[in-house]
Protein chains: 2
Amino acid sequence: MNSARRPTIYDVAREAGVSKSLVSLVLNGSDLVSPAKREAVKAAIERLGYRPSRAAASLAAKRTRAVGLVIDDFRNPWYVDVLHGLQRVLEPEGFHIAVREHRGDAGGNAIEGFLSTQVDALVIAAEPGHDHGPLGVPVVVSGWRLHEVAGADIVSTDELQGMRLALGHLFGLGHRRIGHVTGTGGSALGRLKAYRGWMTEHRLTPEDAGAENDTNEEGGYLGARELLRANPDLTAVFAANDTMALGARAALRELGREVPGDVSLVGFDNSQLAQSRFLALTTVEAHTFRVGEVAGETLLARLRGDDGAPRRTVIAPELVVRSSTGRSGA
Amino acid sequence: MNSARRPTIYDVAREAGVSKSLVSLVLNGSDLVSPAKREAVKAAIERLGYRPSRAAASLAAKRTRAVGLVIDDFRNPWYVDVLHGLQRVLEPEGFHIAVREHRGDAGGNAIEGFLSTQVDALVIAAEPGHDHGPLGVPVVVSGWRLHEVAGADIVSTDELQGMRLALGHLFGLGHRRIGHVTGTGGSALGRLKAYRGWMTEHRLTPEDAGAENDTNEEGGYLGARELLRANPDLTAVFAANDTMALGARAALRELGREVPGDVSLVGFDNSQLAQSRFLALTTVEAHTFRVGEVAGETLLARLRGDDGAPRRTVIAPELVVRSSTGRSGA
DNA sequence: CTGAAAGCGCTTACAG
DNA sequence: CTGAAAGCGCTTACAG
């Protein structure tokens with residue numbers, strides 16, 4: 001274990017009785033190597049407990065084989081399926097995915113951080129904070145964002161379609177007085193616009209609240225409370241995401257409204273929370289695993305030299321009906 | 001932006017009119033540098049948009065300035081405060097914390113992965129999977145675990161004390177028939193033993209269920225259902241963690257029990273879920289931010305050469321009373 | 001496939 | 001503080 005020195009590629013070459021170059025070829029999965037030699041090298045690696053030095057490999061090859069994933073908040077597990085989708089596509093290609101929280105432009109600027117570490121590519125699943133010029137590596141932005149990254153490809157759920165599914169579901173259940181709880185950020189703003197558009201299109205009156213609130217449980221609570229005080233006759237509440245719906249649920253209980261008896265409640269994301277038996281929230285599944293996979297495939301193409309114009313890929317969402325919605329009593 | 005070549009330390013030295021060695025000293029925060037020269041170098045770095053190469057620095061210095069945090073599951077945000085505590089202590093010292101999921105011994109072995117990347121130290125906040133020999137870098141293990149890592153320091157909440165606080169709270173409210181919902185893993189096992197010990201000590205009959213279940217919402221639901229079917233007269237249910245308590249809450253509702261009217265419910269972790277208005281769960285705050293800080297301080301000491309015997313540090317927990325517990329009606 | 005060689009961009013003594 | 005030098009452990013052509 002604690003040998004004097006970690007074995008290097010030289011030790012492996014000597015042990016296997018081959019050249020140093022050959023070891024490097026084996027490590028990089030080249031097919032120019034005969035099976036016999038390949039096995040000899042692998043056996044030597046095994047015997048010596050050799051681990052390649054990432055630092056040396058990165059320095060020599062001028063690439064790190066690391067891809068950065070920038071997220072808003074580790075506490076909001078929305079990003080986990082994106083991560084797993086990226087891993088499914090990129091790990092077999094030898095890439096590792098590193099995750100960082102983007103905590104504003106202050107201290108923890110994750111984008112800057114990743115560029116210093118020299119990731120080979122970047123997936124931004126958070127508000128970028130401000131417009132960015134070209135970052136020097138392939139970038140995929142995921143979701144509706146307030147700011148742009150020059151030259152980035154975009155992969156996201158078809159949120160407009162998700163909104164239509166959710167609102168159409170409520171409409172089909174007889175609801176006509178449908179309120180919306182919104183919050184700050186590009187994602188909530190996009191959903192708010194979609195909500196207003198859909199309502200107007202269907203000759204219904206849009207009623208929303210909470211544009212200044214955070215898009216968390218507290219924001220959902222405050223927004224729903226405001227919304228229902230101003231519009232006591234609402235029969236359905238649509239929150240901009242599942243966590244906000246949890247807050248809205250508390251506001252509804254506080255106001256003495258049964259769900260779904262008096263008011264139907266809908267979220268967005270199909271989070272674990274929505275899936276829990278206790279909340280059993282009707283929501284929109286955004287297929288973020290697929291978003292991650294497509295983001296990974298897009299980056300792979302870029303890393304292989306594809307320099308076409310930025311692309312936008314849209315993934316179809318799906319409505320998941322649970323017991324938080326029911327027929328309108330009105 | 002897209003200059004022909006990234007600037008190196010040579011370019012900075014030329015731009016600042018100093019030697020290459022001096023630039024390196026400034027980058028590493030040495031105090032052997034005069035303020036004037038330091039400023040000159042910083043200005044040059046700014047002008048050139050210079051970013052040090054982590055790969056080159058790691059290779060030359062034989063350390064990466066990276067610390068790995070091994071977690072069980074990105075979906076269970078239990079670890080987030082540990083991460084933030086580590087960051088608070090280690091980032092000012094120039095370290096970056098990388099997080100990986102430990103998905104069994106198969107594919108995603110995070111411990112192996114980190115050793116390949118050559119982290120300078122490791123924090124294991126997950127089940128290690130099997131006993132490990134010395135890993136070659138300083139290691140802190142957090143929490144009650146089934147397996148050991150040779151030579152590792154241990155930092156964790158005083159879970160025994162946490163259990164006493166929660167059970168004492170229920171006892172003080174008049175509860176005598178208190179059941180426990182448990183699950184797999186070292187953490188749940190430790191809590192189960194503590195529960196049984198406390199109950200016996202107080203001449204009460206321990207009743208538990210779910211030892212084979214996952215420690216998630218589903219496990220909490222199944223365990224609580226089994227527990228209450230076997231012991232319909234329980235007046236309080238103590239789940240091994242908050243997420244399991246969420247599942248237990250659904251089981252209670254399904255069985256027609258009001259919380260806290262018929263049955264009081266307690267969790268463990270003081271997660272966001274417990275804090276939500278809708279669940280408002282009485283639980284144990286484990287002060288995991290502090291656990292992260294102490295883990296960081298411990299690693300720092302080890303990296304500075306402290307080679308004393310492995311230490312065990314214990315952080316005092318705190319009971320958080322919310323509306324899921326009340327006086328026993330019995 | 002081999003083998004000698006250059007080079008990636010830093011850090012680390014070391015003599016001055 | 002400077003400056004020349006060695007070296008970290010790889011990758012990458014390149015001539016054979």
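Throughout, a chain's letter reflects where its sequence line sits, starting with A, and its residues are numbered from 1.
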Just how far, in rounded Å, is [atom2] of [N] from [atom1] of [X]?
X	N	atom1	atom2	answer
B:R6	C:dC8	CZ	C1'	12 Å
B:L27	C:dT11	CG	C1'	11 Å
B:Y10	D:dT2	OH	C1'	14 Å
B:D11	C:dC8	CG	C1'	14 Å
A:I9	D:dC8	CD1	P	14 Å
B:L22	C:dT11	CG	P	13 Å
A:R54	D:dC10	CZ	C1'	13 Å
B:I45	C:dG9	CD1	C1'	14 Å

Next item on the list: Measure from NZ or CZ of A:R100 to the centre of the six-membered ring of A:F114 and say whether it is under 6.0 Å with the direction within 45° of the ring axis.
Entry: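 Verdict for A:F114: a cation-pi partner in A:R100.
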Sequence neighbours left out, what passes side chain to side chain donor-acceptor pair (under 3.5 Å) with [X]? Give chain and number order.
X	answer
B:R312	none
B:E46	none
B:R47	B:E15

Note to self: So, taking the atom named CG in A:L86 and the one named OH in A:Y79, what distance separates them when rounded to the nearest 0.5 Å?
What the structure shows: 12.5 Å
Checklist line | Salt bridge present between B:R51 and A:E112 (N-O < 4.0 angstrom) | finding: yes
Next item on the list: Without swapping roles, check the side chain of A:D158 against the backbone of A:V314 for a donor-acceptor pair under 3.5 Å.
Entry: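 Pair absent, no side-chain N/O of A:D158 close to backbone of A:V314.
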Notebook entry, point to check: Are the side chain of A:D153 and the backbone of A:V140 linked by a donor-acceptor contact shorter than 3.5 Å?
Noted result: no
Margin query: Counting only side-chain heavy atoms from C-beta out, which of C:dC10, C:dT2, D:dT2 sits nearest to A:K37?
Written below: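 Selected nucleotide: C:dT2.
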Item checked: Out of D:dT11, D:dA5, D:dG3, whichever nucleotide has its closest atom nearest the side chain of A:K20 -> D:dT11
Item checked: A:L25 or B:A56, whichever maps to the more 5' nucleotide of DNA chain D -> B:A56
Note to self: Which is more 5' along DNA chain D, the nucleotide nearest A:S53 or the one nearest B:A36? Just name the residue.
What the structure shows: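 Closer to the 5' end of DNA chain D: B:A36.
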Notebook entry, point to check: What residues form a side chain to side chain contact (heavy atoms under 4.5 Å, CB included) with B:V89, not counting sequence neighbours?
Noted result: B:E293, B:E297, B:L300
Item checked: Shortest non-hydrogen separation from B:A150 to B:G133 and the atoms involved ->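 Taking every non-hydrogen atom into account, CB-C, 3.8 Å.
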Margin query: Using a 4.0 Å cut-off on heavy atoms, which residues in residues 57-67 of chain B reach DNA chain D? List them by number, or say none.
Written below: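 Under 4.0 Å from DNA chain D: B:L59, B:A60, B:K62.
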Item checked: N or O in side chain of A:Y50 less than 4.0 angstrom from D:dC10 OP1/OP2 -> yes
Check: Think B:S19 has a side-chain N or O under 4.0 angstrom from the OP1 or OP2 of D:dT2?
Finding: yes
Next item on the list: Can you tell me which stems DNA chain D forms, taking runs of 3 or more consecutive Watson-Crick or G-U pairs with both distances under 3.5 Å?
Entry: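 Stems (3+ consecutive pairs) listed as C:1-3 with D:14-16, C:5-12 with D:5-12, C:14-16 with D:1-3.
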Next item on the list: Please work out if A:S21 contacts a base, only the sugar-phosphate, or nothing of the nucleic acid, heavy-atom cut-off 4.0 Å.
Entry: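 Here A:S21 touches the bases of the nucleic acid.
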